[in-house]
Amino acid sequence: MLSNKRIQELELVMEFEKVEECFKEVSSWIENVGRKRLKETINLDDSLEMLLQAQKQFKEFDLVASEYCKRGQEALKKMNQWEDFSFVDVHSYRVKLQTYGDQLEEFCTQLDETRHRVCETVRLYEFFDKVRQGICCTEDGVKS
């Protein structure tokens, strides 16, 4: 039984090493690219044209970022089996997984919030643009 336990533990450690490589790549991208790009979208431009351009750029970034989030989440799912084991030796691996999971969750949440904010800002600017055009047309009609 002890031998079987050790074999299971080794298998989990080997699996963790594979998953950790994925997490290192995802984590590195989040820190070096993802967070910087999200910060760039904090100050959205004041014109509808510039905002639409920023939205287009964000959509391109969002596709890539969503793929990294998906890869990280799939790797976490693979490691859900760790919950069934109570080996003392795997505690440090669980801590690492938790750290990766927290980082991934925080980034994915920020990505979702930014996606929503960009979309709502564009909608608001489009609405104000229609109102402005309506007012201009009304003023022109009154002048005639």
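In this chain, residues are counted from 1 in sequence order.
A salt bridge links Glu40 with Arg37: the closest approach of a Lys/Arg side-chain nitrogen to an acidic carboxylate oxygen falls below 4.0 angstrom. The pair Lys96-Glu20 meets the salt-bridge criterion, since a charged nitrogen lies less than 4.0 angstrom from a carboxylate oxygen. One finds no salt bridge joining Glu126 and Lys130 here, because no Lys/Arg side-chain nitrogen approaches an Asp/Glu carboxylate oxygen to under 4.0 Å. Remark: Glu74 does not engage Arg71 in a salt bridge, criterion side-chain N to carboxylate O under 4.0 Å. Looking at Arg35 and Glu106, a side-chain N of the basic residue comes within less than 4.0 Å of a carboxylate O on the acidic one, giving a salt bridge.
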Worked check of side chain to side chain contact (heavy atoms under 4.5 Å, CB included) between Phe107 and Leu38: CA-CA 9 Å; Phe107 178 77; Leu38 284 180; 3.5 Å; yes
Residue pair Glu31, Gln103: steps toward the side chain to side chain donor-acceptor pair (under 3.5 Å) verdict: CA-CA 9 Å; Glu31 291 304 318; Gln103 178 195 34; 2.8 Å; yes
With side chain to side chain contact (heavy atoms under 4.5 Å, CB included) as the criterion, how do Ser47 and Met50 come out once you've worked through the C-alpha distance, each side chain's angles and the decisive distance to 0.1 Å? CA-CA 5 Å; Ser47 73; Met50 294 298 287; 3.0 Å; yes
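In this view, Glu113 satisfies the side chain to side chain donor-acceptor pair (under 3.5 Å) rule with no residue, not counting sequence neighbours. For Asp102, the side chain to side chain donor-acceptor pair (under 3.5 Å) test picks out Gln98, with sequence neighbours left out. For Thr41, there are no side chain to side chain donor-acceptor pair (under 3.5 Å) partners at least two apart in sequence or on another chain. Legend: residues meeting ring pair (Phe, Tyr, Trp, His ring centres under 6.0 Å) with Tyr68, ordered by chain and number and at least two apart, are Trp29. By the side chain to side chain donor-acceptor pair (under 3.5 Å) test, Arg132 pairs with Asp129, sequence neighbours left out.
Interatomic distance, CZ of Phe23 versus CG of Leu76, reported as 3.5 Å (0.5 Å rounding). The structure places CG of Leu111 at 5.5 Å from SG of Cys69, a figure rounded to the nearest 0.5 Å. For the atom pair CZ of Phe16 and NZ of Lys78, the computed distance is 13.5 Å after rounding to the nearest 0.5 Å. For the atom pair Tyr125 OH and Leu48 CG, the distance stands at 9.0 Å (nearest 0.5 Å). If you take SG on Cys119 and CD on Gln55, they are separated by 6.5 Å, rounding to the nearest 0.5 Å. Atom CD of Glu11 is separated from atom CD of Glu15 by 9.5 Å, given to the nearest 0.5 angstrom.
Screening residues 51-70 for salt bridge (charged side-chain N to carboxylate O under 4.0 Å, His left out), with sequence neighbours left out, gives Asp62-Arg115.
Note on Leu97: it does not cluster hydrophobically with Leu10, by side-chain heavy-atom contacts below 4.5 Å among ILVMFWY residues. Under a hydrophobic-cluster definition in which Ile, Leu, Val, Met, Phe, Trp and Tyr are linked whenever side-chain heavy atoms come within less than 4.5 Å, directly or via other members, Val19 and Met14 are assigned to different clusters.
Atom CG of Asn43 sits in a sparse spot, with 12 or fewer heavy atoms from other residues, nucleotides or ligands closer than 6.0 Å.
Within the 4.5 Å cutoff, side-chain heavy atoms of Glu120 are placed close to those of Arg123.
Between Leu104 and Gly72, the shortest heavy-atom contact is CD2-C, 3.3 Å.
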